[in-house]
2 protein chains.
Amino acid sequence: MTTVYSISELAQEFKVTPRTIRFYEEKGLLSPGRKGSVRVFSSADRIRLKLILRGKLIGFSLDESRDIIDLYEPETTNNRQLESLLDKISEKQLQLEQQKKEINTMLKDLKKTEAICLSALSQR
Amino acid sequence: MTTVYSISELAQEFKVTPRTIRFYEEKGLLSPGRKGSVRVFSSADRIRLKLILRGKLIGFSLDESRDIIDLYEPETTNNRQLESLLDKISEKQLQLEQQKKEINTMLKDLKKTEAICLSALSQR
DNA sequence: ATTTTGCTTTACGTTAACGTAAACGTAAGC
DNA sequence: GCTTACGTTTACGTTAACGTAAAGCAAAAT
């Protein structure tokens, strides 16, 4: 008995609206099952939604998130495709490393500003 | 003799269009000087632009970027303001740390997929 | 039995972040 | 003196990512 979710269950869990989830389906980022006309989400669908939202959080567009998610599910079978997939993975890794650097820079700058504030406060 | 920049110089350097820079001014994220009607950008303006774009890269909206940039330039003078500023800084730091975590998770997942691809390739 | 709850589709509206085009000014080069 | 390059303002257009509202079906609760 595999776990399934309704649209509103997932919406609640991830603090988005059902509209958002339907929109993701419309855009081809999700393809839940159907029981009649009603959407039925599997755990795999849930994970995909999680990945989409994670991507969103770190500034990826839905298209970019789809790219990444597709990387995780290689239905790719021949070597040429596998190699192009590896290329894309490397590219995404570089991009993510770059973002980490930017974040670290920002954190440093914030620490500086924080220190200035603190010394200003301690000085009355 | 302090360095100044034209709009197209900055546009070229940061690979954006002049329109983008004007838009940022319109939104209050930049306020370059003027020589007649012509915009004149200082090094400080250049830095601000850099910060805006850095924010963009890691998924901040322009409003969020403005918030962060304003943190760096505390014209804040009284203690209450300084303390609220410190709060905001802490908040942003948390947010950035969170993003780093998400990025690391993604990187791990990508490594997994990469390994799968590689083993699939080595197996013929 | 009927009201409520939750889901569906369809469709128009909205906001952010610019793009694009028009119409004009000005200073430099030929 | 005219063109070319670079700047300006004004204004309408565009795309992504949903919001919102209408109209309807279907199961569950009263």
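Labels below follow one simple rule: chain letters A, B, ... track the order of the sequence lines, proteins then strands, and each chain is numbered from 1.
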Worksheet item: Rounded to whole angstrom units, what separation is found between the CD atom of B:Glu26 and the P atom of D:dC12?
Response: 14 Å
Fill in: Any A:Arg39 side-chain nitrogen or oxygen under 4.0 Å from OP1 or OP2 of C:dC7
no
Discussion item. Please confirm whether the shortest side-chain N or O distance from A:Thr20 to OP1 or OP2 of D:dG19 is below 4.0 Å.
Written reply: yes
Worksheet item: Could you state the CZ-P distance from A:Phe41 to C:dC7, rounded to the nearest angstrom?
Response: 10 Å
Discussion item. Any non-hydrogen side-chain atom of A:Asp109 less than 4.5 Å from a side-chain atom of B:Leu71?
Written reply: no
Worksheet entry | Salt bridge flag under 4.0 Å for residues A:Arg66 and A:Asp63 | yes
Worksheet item: Would you say B:Thr17 reaches C:dG19's phosphate, i.e. side-chain N/O to OP1/OP2 under 4.0 Å?
Response: yes
Worksheet item: Given atom CG of A:Leu30 and atom C1' of D:dC18, what is their separation to the nearest angstrom?
Response: 14 Å
Discussion item. Taking only side-chain N and O atoms of A:Arg34, does any of them lie within less than 4.0 angstrom of OP1 or OP2 on C:dT9?
Written reply: yes
Practice prompt. For the side chain of B:Ile7, starting at C-beta, report the closest nucleotide among C:dC18, D:dT8, C:dT8.
Written response: D:dT8
Discussion item. Please determine whether a side-chain nitrogen or oxygen atom of B:Ser6 lies at a distance below 4.0 Å from atom OP1 or OP2 of D:dG7.
Written reply: yes
Fill in: For atom CZ of B:Arg66 and atom P of C:dA17, their distance in whole Å
9 Å
Item to complete: Go through C:dC7, D:dA17, D:dT8 for me and flag the one nearest to the B:Ser37 side chain.
Response: D:dT8
Discussion item. Please tell me if A:Ser8 has a side-chain N or O lying less than 4.0 Å from either OP1 or OP2 of C:dC7.
Written reply: yes
Discussion item. From CG of A:Leu29 over to C1' of D:dA16, roughly how many Å is that when rounded to an integer?
Written reply: 12 Å
Fill in: Presence of B:Arg22 side-chain N/O under 4.0 Å of C:dG19 phosphate oxygens OP1/OP2
no
Worksheet item: Going by heavy atoms in the side chains, are A:Gln12 and A:Glu9 under 4.5 Å from each other?
Response: no
Discussion item. Nearest whole Å is fine: how far is D:dT8 C1' from B:Lys35 NZ?
Written reply: 15 Å
Worksheet item: Quick one: is B:Tyr24 getting a side-chain N or O under 4.0 Å of the C:dC18 phosphate, OP1 or OP2?
Response: yes
Fill in: Beyond-backbone contact of A:Lys92 with A:Ile68, side-chain heavy atoms, under 4.5 angstrom
yes
Response to the item:
Separation of D:dG19 atom P from A:Lys27 atom NZ, nearest Å, is 14 Å
Discussion item. Between C1' on D:dC12 and CZ on B:Phe23, what's the gap in Å once rounded to a whole number?
Written reply: 15 Å
Worksheet item: Just by distance, do the side chain of A:Arg46 and the backbone of A:Phe41 share a donor-acceptor pair under 3.5 Å?
Response: no
Worksheet item: Is there a donor N/O on one and an acceptor N/O on the other, under 3.5 Å, for the side chain of A:Arg19 and the base of D:dT20?
Response: yes
